[in-house]
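Each remark here refers to the structure printed beneath this line.
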Amino acid sequence: MSPLRTLALLALIGVGGSAPTSGCSYVGLLTHLNLTTANSLLTAMRPVRDWTKATLVQMDMLLYGILQVDEKFQTVTTHTWIQMRWKNEFLSWNPSDFCGIDSVCIPRTSVWIPDVSIREDASDSGAVHHSPVLSLSPGGWLQGRTRQRLTSTCLLNLQLFPFDTQRCNITFSSMASNGKTITLGSFLNENLLTNISEKYMVTQGEWELEKLEITHYEGTNIEPAILVFTITMCRKPLLYVVIFIVPLLYFVLLDVASFFINEARGEKLSFKVTVLLSISVLLLILKDMLPSTEKDLPMIAKYCVGVFAVVGLSVLEAMLVSFLIDLDGYCSYAKANAAAAPEDVQLEVDAHSEPDGAEGKSSPPPSRPDDLLTLILEEVKTARQEVRRRDQEEHRPRRFRRLAEAIDTVFFVLYFLCTGAFLTYLVIMWV
Ligand SMILES: *[C@@H]1O[C@H](CO)[C@@H](O)[C@H](O)[C@H]1NC(C)=O
Ligand SMILES: *[C@@H]1O[C@H](CO)[C@@H](O)[C@H](O)[C@H]1NC(C)=O
């Protein structure tokens, strides 16, 4: 009985022991790799047989989308896909021993994982999605993938906004290890990464990916190794041109054209003030778009402020001209008043004196109709002369009006030249 039982037991053990190695299941492989039970040695230590040998970690990064570029907070939000590859020297097998198994997925928690992270990362932890498994190949190479909604800080240079091109660094480095224990490299080359990214890019908003560049820095005993992915992207400026630059230009043109409006009692002035107000609305919009970088004003802000100043000056000039013309009107009115008052008095005096004269002997009342007609003729003649004299006075350009017209002409020429020069300068600097 007992030898039989022993035999059966041995057979069972034999079957149990030989089945995984000879069968085509993963169990045998995992048993061979000592991964069936929690193995703290595998998770705790860097998997090298000789500690002086550094572990090479290969990183690849693809961009699936440029979601948002925040000029105010100087951050760039991208949808990235990151692949990390490294070698575990304790996890290797010969595929022919295991029915040709050439890849196996193991839980992420069961092995050591390099602590490589992104320095510019400013996203919250919920934005990272690690794949729960790592794929393992016979040579011991482990491969882990991560999808991330990466918000990275990036120093945006808005000098040429909206015709700007931004370069943002995404720096991978180990937080705890130095350059002697972990070295960084990349698996795919930069052209391939750029091409794949461009192919799979779902959304890039107002941006266009130009290229991805990779730079390596060897670490030292103290400094960790660094791998820098530089994303170069340029803005699609059309919307800003349509909603901002063209309207401003149009306002300047309107303001130039308003010099040809007749000086008809403030109509010109109110038109110019309306243009100025419209520009200030655009300035408010600009404030929402750009951060306040006090050091150097972006070109678009210079453009805006320049246009505002130019139109503001022309409003002041219109005020001055209208004031001078009003002053002229006032002066001639006062003169007319001053001239008219004695005349009226004179007339009154005449009117008063005439009856006296009529009573007296100086001019005897005309007795015949002929005399009366000549008298009326004389009166009409003097009245006509008077009217002609006043007309001439009216048509003669007055002093202040002449001054106003001169100022207007000179200012218009200067304004035209300055605006032209300013716009030319901007175009040269900008594009
Ligand atoms: C698994 O563990 C045993 C003992 O703990 C050890 O002898 C063996 O070499 C290990 N296998 C591998 C592949 O490391
Ligand atoms: C980005 O990385 C490149 C290459 O390493 C470096 O020359 C450049 O100074 C970095 N830019 C910033 C803003 O850190």
Side-chain angles (χ1 to χ4, degrees), residues 250-278 310-420:
Y250 193 63
F251 284 137
V252 174
L253 286 184
L254 278 182
D255 196 48
V256 171
S258 77
F259 276 96
F260 299 106
I261 296 181
N262 189 21
E263 198 63 50
R265 299 305 99 201
E267 246 175 48
K268 181 171 169 181
L269 190 61
S270 65
F271 180 80
K272 278 176 184 278
V273 170
T274 314
V275 170
L276 193 69
L277 284 179
S278 318
V310 153
V311 175
L313 272 182
S314 96
V315 167
L316 282 181
E317 189 266 351
M319 279 176 178
L320 178 68
V321 165
S322 120
F323 169 73
L324 283 177
I325 287 171
D326 278 352
L327 194 66
D328 206 33
Y330 174 76
C331 281
S332 65
Y333 175 73
K335 216 166 37 183
N337 260 2
E343 229 171 63
D344 286 351
V345 171
Q346 194 61 45
L347 275 179
E348 266 173 46
V349 167
D350 284 354
H352 280 293
S353 62
E354 224 159 290
D356 292 351
E359 267 173 34
K361 52 215 176 287
S362 58
S363 63
S367 48
R368 286 185 301 156
D370 271 3
D371 285 351
L372 191 66
L373 279 179
T374 30
L375 204 67
I376 289 172
L377 190 68
E378 287 296 315
E379 281 293 315
V380 167
K381 267 186 185 164
T382 47
R384 223 168 62 190
Q385 269 168 4
E386 176 68 13
V387 165
R388 195 176 298 150
R389 193 181 59 79
R390 282 206 179 166
D391 262 12
Q392 274 170 356
E393 211 167 65
E394 199 78 17
H395 280 293
R396 184 154 28 95
R398 290 114 171 206
R399 200 148 46 95
F400 288 120
R401 180 176 268 275
R402 273 211 308 271
L403 180 64
E405 275 163 6
I407 287 178
D408 212 25
T409 313
V410 169
F411 185 82
F412 176 70
V413 170
L414 280 182
Y415 180 86
F416 199 78
L417 290 181
C418 284
T419 314

Quick one: pull up [atom1] in [X] and [atom2] in [Y] and give me the separation to the nearest 0.5 Å.
{"X": "S258", "Y": "L253", "atom1": "OG", "atom2": "CG", "result": "11.0 Å"}
{"X": "L269", "Y": "E317", "atom1": "CG", "atom2": "CD", "result": "10.0 Å"}
{"X": "D370", "Y": "L375", "atom1": "CG", "atom2": "CG", "result": "12.5 Å"}
{"X": "D326", "Y": "M319", "atom1": "CG", "atom2": "CE", "result": "12.5 Å"}
{"X": "T382", "Y": "R389", "atom1": "OG1", "atom2": "CZ", "result": "12.0 Å"}

Atom pairs and distances, donor-acceptor, side-chain atoms in residues 408-419, under 3.5 Å, two or more places apart:
from : atom 1 : to   : atom 2 : distance (Å)
D408 : OD2    : K268 : NZ     : 3.4
T409 : OG1    : E405 : O      : 2.8
Y415 : OH     : D255 : OD2    : 2.3
T419 : OG1    : Y415 : O      : 2.6

From CA spacing to verdict: side chain to side chain contact (heavy atoms under 4.5 Å, CB included), V311, F251: CA-CA 9 Å; V311 175; F251 284 137; 5.8 Å; no

For R401, run the side-chain contact (heavy atoms from CB on, under 4.5 Å) check against I325, V321, L324 and tell me which one passes.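 The passing option is I325.
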
On a heavy-atom basis, the closest approach of L276 and G312 is CD1-N, 3.5 Å

Please name all residues satisfying ring-ring contact (aromatic ring centres under 6.0 Å, His included) with F400, sequence neighbours left out, ordered by chain then number. none

